[in-house]
Amino acid sequence: MNTKTQWGIAGMGVMGTSLSRNFSQKEISLALFNRRVEGKEEGVALKKKQLYSELNPTQAFEELKDFVSAIERPRKIFIMLPAGVATSHFLEQLIPLLSKGDIVIDGGNAHYKETEKRAKRLGDEGILFLGVGVSGGEEGALKGPSLMVGGDHTAYEIVKEDLFKITAKNNNKIPCCAYFGTGGAGHFVKMVHNGIEYAEMQLLAELYALASCTMSHDEIQKTLSQWNATKSKSYLLEITASLLKFREDKTPFIELIRDQASNKGTGAWATASATELGYPNSLMTAALHERFLSFFKKERIQFSEYFDKPRSTVNISSSLLKNAYDLSRWVNHHQGFEMLTLAAKEYKWSLNLSQVASVWAEGCIIKSNLMDDCIKLLKDNTMLLLSEDFKQLLTNGKENWKEILQQAVANEIPIPCMQSAWTYFAALKTQNSSANIIQAQRDYFGAHGFLRVDNDSQGLKHGPWSS
């Protein structure tokens, strides 16, 4: 009879398999499970066990009852299934087979509100539940992901040492894994991570569009590679420079890819969640909307043929591009961390922003030199855009940032994220805005009232138009 295993992992897709290999490499014994679907998914866990030598010591199952029975108590089960219906269906099958005190971890990209419901549902059964955001893709899951944990703190204390073994370590040798609060806190942090990621990817796409007006493909590739040896270094910059190397025959491979960008929903969740919190996460929103717009390919072709094309007069240097890119990235990160600050107050999570940055410093898609700076700045409770680092960057690059925006408008090159970054920054430093016009309009047509600047303690007042 087989010895009981320390952990169980359910779902042997790309991420589940890589995570299983990671656990097994750290000598944590595993039971593996994947459902059986006749003619479609048969013996999946066993095949993965046979394919990878590090999985040889594992036990493979496609009967859920046998899988659960193979794990020592309190059972620790990591679910790596698609978010939504698949995970919900699996949990309904799993719950009756568990005992009080068992620990279930959802490692999918679940919506944080769904995670809140699941935490309550399992808690009512006496089962400890964790919602864990897993970042880093296939490579991260295998070599060391970034883990953002929320849910039952008792469960976290039981599993954290094993989680520390499999996670990435940042430059300070600290595991990129932390507990952020009850319920859906971990998945909320992961959602914001993905929102920042959306904007970072869009900024690089805009950078490429601008650079293409004045540089050859090879010059752009070389420039981005050089930037990655500077303070601008990031994982996304690195892979963008790398992918530009590829060609098919003599054609840059990037030119063979249809310009329609997909999304899996987390960008939309981040945008909607910010709206609920009343926070203007303008870069995430702009990046999401640009992906939506990219799918209107037929209409874009029609409009491009209908309207005159501007004569190109672009003259953009590498230094101008770099300043605009760097400053926009600071605004993007500022918005992400400020959104977390509001969420922590709203949902009563004890989020430590420096710790969030530490978890994001390695093993995830948005790791960068800037994130390393965020660890230090946020430890001192410094808002990123009020830091001396940003002020110095702004002093050196503000005029270049504005020049990029002017040239983009003059030549009708869409750069929604860079534009959003500038607009947000300019609005944020505007002491007296035009919102008084909005308040007057609202009072005029709807008698909503407004505060007076000369005595706001008297509460809402109405204008002379209402008399």
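Residue numbers count from 1 along this sequence.
Ring to ring, Phe253 and Phe246 are not that close: their centroids are 6.0 angstrom or more apart. Between Tyr179 and Tyr156, the distance separating the two ring centers is shorter than 6.0 angstrom. Ring to ring, Phe188 and Trp349 are close: their centroids are under 6.0 angstrom apart.
A distance-only check finds a donor-acceptor pair linking the side chain of Asn34 to the backbone of Met12 [under 3.5 Å]. Not one N or O on the side chain of Lys367 forms a donor-acceptor pair closer than 3.5 Å with the backbone of Tyr235. Within the 3.5 Å criterion, the main-chain N or O of Lys245 finds no donor-acceptor partner in the side chain of Gln221. Between the side chain of Gln335 and the main chain of Ser282, a donor-acceptor pair closer than 3.5 Å is present. At least one donor-acceptor pair under 3.5 Å links the side chain of Thr341 to the backbone N or O of Phe337. Judged by distance alone, the side chain of Glu62 and the main-chain N or O of Arg36 form no donor-acceptor pair under 3.5 Å. Under a 3.5 Å cut-off, the side chain of Thr382 and the backbone N or O of Leu384 do not form any donor-acceptor pair. A donor-acceptor pair under 3.5 Å is absent between the side-chain atoms of Asn170 and the main chain of Glu362, judged by distance alone. A donor-acceptor contact shorter than 3.5 Å is absent between the side chain of Thr230 and the backbone of Gln226. Remark: the backbone N or O of Thr167 is paired with a side-chain donor or acceptor of Lys169 at under 3.5 angstrom.
For the atom pair Ser328 OG and Gln202 CD, the distance stands at 11.0 Å (nearest 0.5 Å). Between Glu238 atom CD and Ser225 atom OG the span is 9.0 Å, to the nearest 0.5 Å. One finds the OG atom of Ser135 at 5.0 Å from the CD1 atom of Ile365 (value rounded to the nearest 0.5 Å). Going from atom CH2 of Trp7 over to atom CD1 of Ile103 covers 7.0 Å, rounded to the nearest 0.5 Å. Of the inter-residue distances, the one linking Leu277 atom CG with Tyr347 atom OH reads 5.0 Å to the nearest 0.5 angstrom. A distance of 8.0 Å separates CG in Asp152 from CD1 in Ile158, rounded to the nearest 0.5 Å.
Between Thr266 and Asn109, the side chains place no donor N or O within less than 3.5 Å of an acceptor N or O (distance only, hydrogens not considered). Between the side chains of Ser294 and Gln260, no donor N or O sits under 3.5 Å from an acceptor N or O. No side-chain donor from either of Arg291 and Ser262 sits under 3.5 Å from a side-chain acceptor of the other.
In plain terms, the two heavy atoms of Val359 and Leu147 that are nearest each other are CG1-O, 3.6 Å. Between Ser232 and Asp326, the shortest heavy-atom distance links the atoms OG-OD1, 2.7 Å. Nearest heavy atoms, Ala155 versus Leu128: CB-CB, 3.7 Å. Contact record, Ala110 with Thr115: CB-OG1, 3.7 Å, taken as the closest heavy-atom pair. Taking every heavy atom of both residues into account, Asn332 and Glu200 meet most closely at ND2-OE2, 2.9 Å. Scanning all heavy atoms of the two residues, the minimum distance from Pro414 to Glu206 falls at O-CG, 4.3 Å.
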Margin query: Evaluate Glu54 against Lys26 for salt bridge (Lys or Arg N to Asp or Glu O under 4.0 Å), listing each step before the verdict.
Written below: CA-CA 10 Å; Glu54 60 264 48; Lys26 305 304 186 297; over 6 Å; no
Item checked: Verdict with supporting geometry, Arg121 and Glu125, salt bridge (Lys or Arg N to Asp or Glu O under 4.0 Å) -> CA-CA 7 Å; Arg121 165 84 169 86; Glu125 300 284 344; 3.1 Å; yes
Next item on the list: Evaluate the criterion salt bridge (Lys or Arg N to Asp or Glu O under 4.0 Å) for residue pair Glu72 and Lys4; output intermediate values, then yes/no.
Entry: CA-CA 5 Å; Glu72 67 183 19; Lys4 298 280 189 179; over 6 Å; no
Checklist line | Residues Asp162, Lys76; criterion salt bridge (Lys or Arg N to Asp or Glu O under 4.0 Å); working and verdict | finding: CA-CA 11 Å; Asp162 283 344; Lys76 300 182 286 290; 5.1 Å; no
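Within a 6.0 Å sphere centred on NZ of Lys297, heavy atoms belonging to other residues, nucleotides or ligands number more than 12. Crowding of Glu92 atom CD: a count of heavy atoms from other residues, nucleotides or ligands under 6.0 Å exceeding 12. Atom CD of Glu63 has 12 or fewer heavy atoms from other residues, nucleotides or ligands within 6.0 Å.
The aromatic rings of His217 and Tyr208 sit perpendicular, their planes meeting at an angle over 60°, well past the 30° parallel limit. Between Trp330 and Phe390, the ring planes are tilted. Angles from 30° to 60° get that label. Aromatic ring orientation, His111 versus Trp269: perpendicular (interplanar angle above 60°, classes split at 30° and 60°). Ring geometry for Phe33 versus Phe90: interplanar angle of 30 to 60°, hence tilted.
A cation-pi contact links Arg21 to Tyr52, judged by a cut-off of 6.0 Å to the six-membered ring centre and 45° from its axis. In this structure, Arg118 is not positioned above the aromatic face of Phe129 in the sense of NZ or CZ being under 6.0 Å from the six-membered ring centre and within 45° of the axis.
The residues Arg300 and Asp259 are annotated as salt-bridged, a charged nitrogen and a carboxylate oxygen being separated by less than 4.0 angstrom.
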